[in-house]
Amino acid sequence: MSANQQMTAQVLRQDNAQGLHLSKEPIQISHPSEGQVLVKITHAAQNPTDVQSLDNKAFGEGAVLGCDFVGEVTEVGRFVQRYNKGDIIAGLIWGGEIKGLGAYSEYTLADGRISYPVSGQNISREQASTVPLAAATAWLALFSKDCLAIDHEHQKSTDVLIWGGSSSVGLYAIQLATMYGLQVTTTCSPRHADLVRSYGAQHVFDYKDDKVIEKIQAVASTLSYAFDTIGNATSSPTSSRTFYNGNGTLCTVRPGKTNTEDVTSGTRVTDVLVWTSFIKDHTYGEFKWPASKDDHALAAELFAKLSSWLEEGALKPSTPRILHGLDAVPQGFQEYRDGKISAYKIVYAL
C-alpha cells in the first residue's frame, strides 16, 4: 500500500452553520507501528460513547469516531506474531482520541493484543463486531484492581450485583461473572427478565420496584460488590444501599465517578474506563487516567480468550441490527438519541 493512499471516513468537522458534525470525506491511511495491524473494515458496531463524544464535543476537528470493528488484516507490524495478512479479526480502538483513527472508516489501525481472530464458523462478522468494547468494559469493571478488584481465580461464589443487566455491558458482565463462578443478582426492565436469566443471572429484579433494595438484600445477604452499568442519578445510590452492613465497592461506567455523590458513606466508589486496556495516559474532558500496564495485561488476557469462548458458545455476542454503509451513521446516532435501541446493537456493514 502506497504511503499516500486515501480512504473514506466519517470525519468530525466544525462550521458556524452546523457546529460539530459528521462529514463523509477522504483522509489519508496510516501505517502500523511495531505492535499494530492495519485492517480493512467490513463491520463497525455503534456504542453510546460514539454519540456522546459527538454531542458533548469530546473530540474536535479531524476526529474519526467508532470503537468496535471487524475486518481483514492488510499490513502487520513487525512485533505482531498472532496475525498474518488476510486474517479476519475483531478489535477495540478509541475512535476520536487520535486524529483520523476510528471505526467509521474504510481502514483502521489496531493493537495486536487488544483484538481477536474471527473464524466465522459459529459467529458472524456482525456479531463479532459487537463484542470488544462492551466485553472489555465488563471484564475490567469486575476484575481490574482499580475497579471492583474481584479475584477471578479465587473468589468463587462471591455475590455481585449488576445494575442494568440487559444493557450491552450488563449482559457481558453477567456472562463473565457467571463463567468465573460468581453469584449474579441483576436489575432490568421486566420485559428483559428472561433474557438476563438466559445469560446466567441467578436473581433478577425490576429496577423500578419500590422494594428492590430489600429484595436484593434477601437473596444476596453478604453483597459487597456492585457494578452500575447505567450511571444515572439514582442507579449508583440505590446500588450502594444493597450492601451488607452498608459497606462495599461500587464501580460505575460514568467517567470521573459522576452521579455517585449520594452513595452510602460506607461505599468505596470506582469507575471503569475501557481505554486503560491500552498502555497510554488518557484524558476525557476534565478527567485523566494514567497508563496501566496491569489493565493492558488483563485486557490482553480477555482478548486471548474471546475467540474460543465465542466459537464454543460459552459467551454470547450482542444481537446486531444491520445498517448499510458509512452514510447510515447519522441515522444510527439519531436512533440512539431517540431512545429506540433496546437489547440490540447497531452494526454498520461497510
Side-chain angles (χ1 to χ4, degrees), residues 48 52 137-152 154-174 176-178 180-190 192-193 196 200-274 276 284-289 292 295:
Q52 294 162 6
T137 300
W139 177 262
L140 291 176
L142 291 169
F143 305 129
S144 168
K145 66 180 181 61
D146 294 320
C147 298
L148 293 184
I150 299 171
D151 185 338
H152 59 299
H154 301 103
Q155 281 186 256
K156 307 297 184 185
S157 301
T158 298
D159 285 318
V160 61
L161 170 65
I162 310 297
W163 191 277
S166 63
S167 68
S168 180
V169 171
L171 289 172
Y172 287 109
I174 290 170
L176 293 168
T178 300
Y180 282 88
L182 305 180
Q183 303 296 307
V184 177
T185 298
T186 194
T187 64
C188 65
S189 169
H192 296 313
V196 297
Q202 281 120 335
H203 307 289
V204 183
F205 299 105
D206 181 355
Y207 69 100
K208 291 183 177 179
D209 189 330
D210 290 339
K211 295 185 177 180
V212 66
I213 294 172
E214 294 90 334
K215 290 181 177 180
I216 291 171
Q217 289 173 330
V219 299
S221 58
T222 63
L223 182 68
S224 62
Y225 296 106
F227 176 30
D228 178 8
T229 76
I230 305 301
N232 62 27
T234 60
S235 54
S236 285
T238 305
S239 296
S240 73
R241 291 178 175 85
T242 65
F243 290 146
Y244 172 68
N245 284 341
N247 299 311
T249 301
L250 180 141
C251 180
T252 176
V253 291
R254 291 299 174 202
K257 307 172 186 177
T258 301
N259 291 329
T260 60
E261 298 85 355
D262 295 327
V263 300
T264 57
S265 60
T267 300
R268 171 180 170 262
V269 178
T270 66
D271 59 355
V272 59
L273 186 80
V274 72
T276 60
Y284 189 83
E286 63 186 286
F287 309 119
K288 299 181 185 299
W289 291 263
S292 172
D295 278 3

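It should be emphasised that the depicted structure is a prediction, and the values quoted were computed from it without experimental measurement.
Two residues are said to be in side-chain contact when any heavy atoms from C-beta on lie closer than 4.5 Å; Val219 and Phe205 meet this criterion. Contact annotation: the side chain of Asp295 approaches that of Ser144 to within less than 4.5 Å [non-hydrogen atoms, C-beta and beyond]. Counting only heavy atoms from C-beta outward, the side chains of Thr187 and Ile216 approach each other to under 4.5 Å. Within the 4.5 Å cutoff, no side-chain heavy atoms of Asp228 are placed close to those of Val253. Thr270 is not listed as a side-chain neighbour of Asp146, based on a closest heavy-atom distance of 4.5 Å or more. Within the 4.5 Å cutoff, side-chain heavy atoms of Ser239 are placed close to those of Leu161. Counting heavy atoms from C-beta outward, Asp206 and Val212 have side chains that stay 4.5 Å or more apart.
In terms of modelled atom types and a separation under 3.5 Å, the side chain of Ser167 and the main chain of Gly170 share a donor-acceptor contact. Of the possible polar contacts, one joining the Thr229 side chain to the Gly164 backbone as a donor-acceptor pair under 3.5 Å is found. The backbone N or O of Gly165 sits less than 3.5 Å from a side-chain atom of Thr186, completing a donor-acceptor pair. A donor-acceptor pair under 3.5 Å is absent between the side-chain atoms of Arg268 and the main chain of Asn247, judged by distance alone. Although no hydrogens or angles enter the test, the distance criterion places no donor-acceptor pair under 3.5 Å between the side chain of Asp271 and the main chain of Pro255. Not one N or O on the side chain of Gln202 forms a donor-acceptor pair closer than 3.5 Å with the backbone of Thr178. Between the side chain of Thr267 and the backbone N or O of Val269 there is no donor-acceptor pair closer than 3.5 Å.
The distance from atom SG of Cys251 to atom CD1 of Ile162, rounded to the nearest 0.5 Å, is 9.5 Å. How far CG of Leu148 is from CG of Leu250: 7.5 Å, rounded to the nearest 0.5 Å. Separation of atoms CD1 (Ile230) and OG1 (Thr238) is listed at 12.0 Å; rounding is to 0.5 Å. Of the inter-residue distances, the one linking Thr222 atom OG1 with Asp159 atom CG reads 4.0 Å to the nearest 0.5 angstrom. If you take NE2 on His203 and CD on Gln183, they are separated by 7.0 Å, rounding to the nearest 0.5 Å. Considering OH of Tyr225 and CG of Leu142, their distance stands at 11.0 Å, rounded to 0.5 Å.
Residues Phe243 and Thr249 come closest through the heavy atom pair CZ-O, 3.5 Å. Of all heavy-atom pairs spanning Val160 and Ala177, the tightest one is CG1-CB, 4.2 Å. Glu214 and Asp210 get closest at one heavy-atom pair: OE1-O, 4.2 Å. Nearest approach of Pro237 to Ser240, heavy atoms of both residues: O-OG, 2.7 Å. Of all heavy-atom pairs spanning Leu140 and Val272, the tightest one is CB-CG2, 3.8 Å.
Between Trp139 and the choices Phe227, Tyr172, Tyr180, the ring-ring contact (aromatic ring centres under 6.0 Å, His included) rule is met once, by Tyr180.
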Practice problem: Take Val204 and Cys188 through the test side chain to side chain contact (heavy atoms under 4.5 Å, CB included) and record every step on the way to the result. | Solution: CA-CA 7 Å; Val204 183; Cys188 65; 3.8 Å; yes

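Between the side chains of Ser292 and Thr276, not a single donor N or O lies within less than 3.5 Å of an accepting N or O.
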